[in-house]
Protein chains: 2
Amino acid sequence: MRKPEIRERILEYIRHSLDEKGYAPTVRDIMRGCNISSTSLVQYHLNILEREGQIRRDPEVFRSIQLVEKDIIEVPLLGTIAAGEPIPVVDSGTWTNHAEETLRVTTDLVGRRGDIYALKVKGTSMLDALINDGDIVIMEATQTVADGETAAVWLKNEQEVTLKKIYREPRRIRLQPANSEMKSIYTRPENVEVQGKVVAVLRKLED
Amino acid sequence: MRKPEIRERILEYIRHSLDEKGYAPTVRDIMRGCNISSTSLVQYHLNILEREGQIRRDPEVFRSIQLVEKDIIEVPLLGTIAAGEPIPVVDSGTWTNHAEETLRVTTDLVGRRGDIYALKVKGTSMLDALINDGDIVIMEATQTVADGETAAVWLKNEQEVTLKKIYREPRRIRLQPANSEMKSIYTRPENVEVQGKVVAVLRKLED
DNA sequence: ATTTGTATTTAACAAGTGTTCTATAGCACA
DNA sequence: TGTGCTATAGAACACTTGTTAAATACAAAT
């Protein structure tokens, strides 16, 4: 991997082509577009890119180059989230199959992270998180949440889920609502179980 | 347009192909995939579809069929919305050019309607609409809003914008916050100027 | 019954395109 | 100096694919 710059250029050109034209470039397109002097050199680098898993091609199909990075991510809609019930267990792997419905979302919104899923909010118990009945929250499955990030928290004593910004303090945990007009609540670390991190909230008006 | 079924089948196949494989089918692919008995018949129908504006092709480029219907819509981010200032004037047409930034959104979220734009919320004045500082609202440019839909309303006397569900009553207009715990406000019809309809709300957590 | 326009078939050509072969150059390493 | 690996060039071949011409079928309209 001595000279990756040319491969970067090629990837960039493919991206640009796909975006601009709507279809993939040919070897010769890439040759012209990247100022490369022979088709076989392009071929050579495409083979490497494919071996590295950066692109995919179908043999014997013209213009079949696809970037592995995708613009649209299919997010499985795994169920509902409501105050009184824990959020559905996330069985990584079997995921997308189980999902009755799947939500299509651009990477603009959720980035390129993996292991994300969506939940539909049931009821108005999340109003303090500025989340309404019917909204959709997109979650990342993780137990590690940094201070200040919004997490889905299961409160063991209260037996309920809540979406709050989480802050660790000396001997307690502060759970702060997104709505700055509402007060934080405090609880002991043993009482909280982080069930995931909120990545985004979607609200569709009028269907 | 006597027999449009076959063209429907072709469109469906192209959609499927694009989605599944990631690239457009060839005339011969379509032939096989739709049980059509000759390439020229496919060609014939593709020409019609192109004339009708349903697909686009680049002459002399293999696999260049593109559906005109798009999965991703580029929404121009036209500016900010805050309580104290009217929302930016929407100069239909010149739109996308002016936009410094553009938001990519799937049709899952906003449907296929045209004339939509995005605004970034500044400040916490929209909390009663369950909209926070930094959220993005996607608007449809329209003056006609049905009862119960959420609209961006400019209140002339108060000189401020607010996002509320709108209901016409006998001699007044009821503006109801999305947050069901907050009270509606009432005003005279002359005082309200509908500036658009809210289509969706996006909230990106942690950048 | 003739016309007219849409829908279809068959076959072939020309151009686009991926692939491969051979040869060359630079560079590191021993 | 030789060996081996990566990067590059040029050209030719074979397959893929869009396009077209000419002819036929079929239904509706006159």
Side-chain angles (χ1 to χ4, degrees), chain A residues 1-70, chain B residues 1-70:
Chain A
M1 252 145 287
R2 212 78 46 77
K3 292 222 171 178
E5 318 94 36
I6 187 173
R7 257 164 265 155
E8 273 309 319
R9 274 212 327 272
I10 291 178
L11 278 181
E12 185 49 45
Y13 181 78
I14 295 173
R15 242 188 301 267
H16 173 267
S17 236
L18 245 23
D19 200 57
E20 198 77 356
K21 306 276 198 163
Y23 44 78
T26 65
V27 172
R28 285 168 180 82
D29 287 340
I30 297 173
M31 180 180 104
R32 283 183 286 267
C34 298
N35 279 319
I36 297 174
S37 38
S38 77
T39 61
S40 52
L41 184 50
V42 175
Q43 196 76 260
Y44 174 72
H45 287 295
L46 285 181
N47 286 333
I48 293 175
L49 285 171
E50 188 167 22
R51 201 180 322 131
E52 286 177 347
Q54 310 238 45
I55 61 170
R56 227 165 345 115
R57 282 185 298 175
D58 279 13
E60 303 177 349
V61 174
F62 296 168
R63 293 182 180 277
S64 67
I65 301 177
Q66 302 154 70
L67 292 174
V68 168
E69 40 178 281
K70 288 235 185 81
Chain B
M1 249 144 286
R2 209 80 46 77
K3 292 222 171 178
E5 317 95 36
I6 188 174
R7 257 163 267 156
E8 272 309 319
R9 278 214 322 277
I10 292 178
L11 279 181
E12 185 50 45
Y13 182 78
I14 295 173
R15 242 188 300 268
H16 172 269
S17 233
L18 246 22
D19 201 58
E20 198 77 357
K21 306 275 198 164
Y23 44 78
T26 65
V27 172
R28 284 166 181 82
D29 286 341
I30 298 173
M31 179 180 104
R32 283 184 286 267
C34 297
N35 280 318
I36 297 173
S37 38
S38 76
T39 60
S40 51
L41 184 50
V42 175
Q43 194 78 261
Y44 174 72
H45 288 294
L46 285 181
N47 286 333
I48 293 175
L49 285 171
E50 189 167 22
R51 202 179 322 130
E52 286 176 348
Q54 312 237 45
I55 62 171
R56 226 164 345 114
R57 283 186 297 176
D58 279 11
E60 303 177 346
V61 174
F62 296 167
R63 294 182 179 275
S64 67
I65 300 177
Q66 303 154 70
L67 292 173
V68 168
E69 42 177 279
K70 288 239 183 77

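Throughout, protein chains are lettered first and strands after them, A, B, ... in sequence-line order, and every chain is numbered starting at 1.
- Atoms CG (B:Asp58) and P (C:dA15) sit 18 Å apart, rounded to a whole Å.
- Helix bend of the helix from C:dT2-D:dA29 to C:dA30-D:dT1: the angle between its two end axes, each built from five pairs, comes to 20° after rounding to 10°.
- Partners of B:Thr39 by side chain to side chain contact (heavy atoms under 4.5 Å, CB included), not counting sequence neighbours, listed by chain and number: B:Val27, B:Arg28, B:Met31.
- Between B:Arg7 and the phosphate of C:dA7, there is a side-chain N or O to OP1/OP2 separation shorter than 4.0 Å.
- If you measure from atom CD of A:Glu60 to atom P of C:dT19, you get 8 Å, rounded to the nearest angstrom.
- For the pair B:Ile6 CD1 and C:dA7 P, the interatomic distance rounds to 9 Å; values are reported in whole Å.
- Residues B:Ile36 and B:Ile10 are in side-chain contact: their nearest non-hydrogen atoms beyond the backbone lie under 4.5 Å apart.
- Counting only heavy atoms from C-beta on, B:Pro59 has its side chain closest to D:dT19 among D:dT17, D:dA7, D:dT19.
- B:Arg63 places its CZ atom 7 Å from the P atom of D:dG18, with the value rounded to the nearest Å.
- Within the 4.0 Å cut-off from OP1 or OP2 of C:dT19, at least one side-chain nitrogen or oxygen of A:Gln43 is found.
- Contact of the A:Thr26 side chain with the B:Val61 side chain is not registered, since no non-hydrogen atoms from C-beta on lie closer than 4.5 Å.
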Interface polar pairs with nucleotides 10-12 of chain C, N/O, under 3.5 angstrom:
residue, atom, partner, partner atom, Å
C:dT10, O4, B:Ser40, OG, 2.5

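- The phosphate of C:dT17 has neither OP1 nor OP2 within less than 4.0 Å of any side-chain N or O from A:Arg57.
- Checking the phosphate oxygens (OP1, OP2) of D:dT8, a side-chain nitrogen or oxygen of A:His45 falls inside 4.0 Å.
- The CD atom of A:Glu50 sits 9.5 Å away from atom CD of A:Gln43, with the distance rounded to the nearest 0.5 Å.
- Expressed to the nearest 0.5 Å, how far OH of B:Tyr44 lies from CD1 of B:Ile6 amounts to 10.0 Å.
- In this structure, CD of A:Glu52 is placed 12 Å from P of D:dT6, rounded to the nearest angstrom.
- Atom CZ in A:Arg7 sits 10.5 Å away from atom CG in A:Leu46 (nearest 0.5 Å).
- The side chain to side chain contact (heavy atoms under 4.5 Å, CB included) test applied to A:Tyr13 returns A:Ser17, A:Pro25, A:Asp29, A:Ile30, A:Cys34, not counting sequence neighbours.
- Of all non-hydrogen atoms in A:Phe62 and B:Arg63, the two that sit nearest each other are O-CD, 2.8 Å.
- Counting to the nearest Å, the C1' atom of C:dG16 and the CZ atom of B:Phe62 are 4 Å from each other.
- With respect to the salt-bridge test (charged N to carboxylate O, under 4.0 angstrom), the residues A:Glu12 and A:Arg15 qualify.
- If you check C:dA7, D:dT19, C:dT19 against the side chain of B:Ile48, the one that comes closest is C:dA7.
- If you measure from atom CD1 of B:Ile30 to atom P of D:dT16, you get 17 Å, rounded to the nearest angstrom.
- Shown here are the side chain to side chain contact (heavy atoms under 4.5 Å, CB included) partners of B:Leu18, two or more places apart in sequence or in another chain: B:Ile14, B:Ala24, B:Leu67.
- In the region residues 17-26 of chain B, proximity to DNA chain C at under 4.0 angstrom, judged on heavy atoms, holds for none of the residues.
- Distance check, rounded to the nearest 0.5 Å: CZ of A:Arg57 to CG of A:Asn47 gives 5.0 Å.
- For B:Ile36 and C:dT8, the CD1 to P distance is 8 Å, given to the nearest whole Å.
- Taking CD1 of B:Ile48 as the reference point, atom CD of B:Gln54 lies at 11.0 Å (rounded to 0.5 Å).
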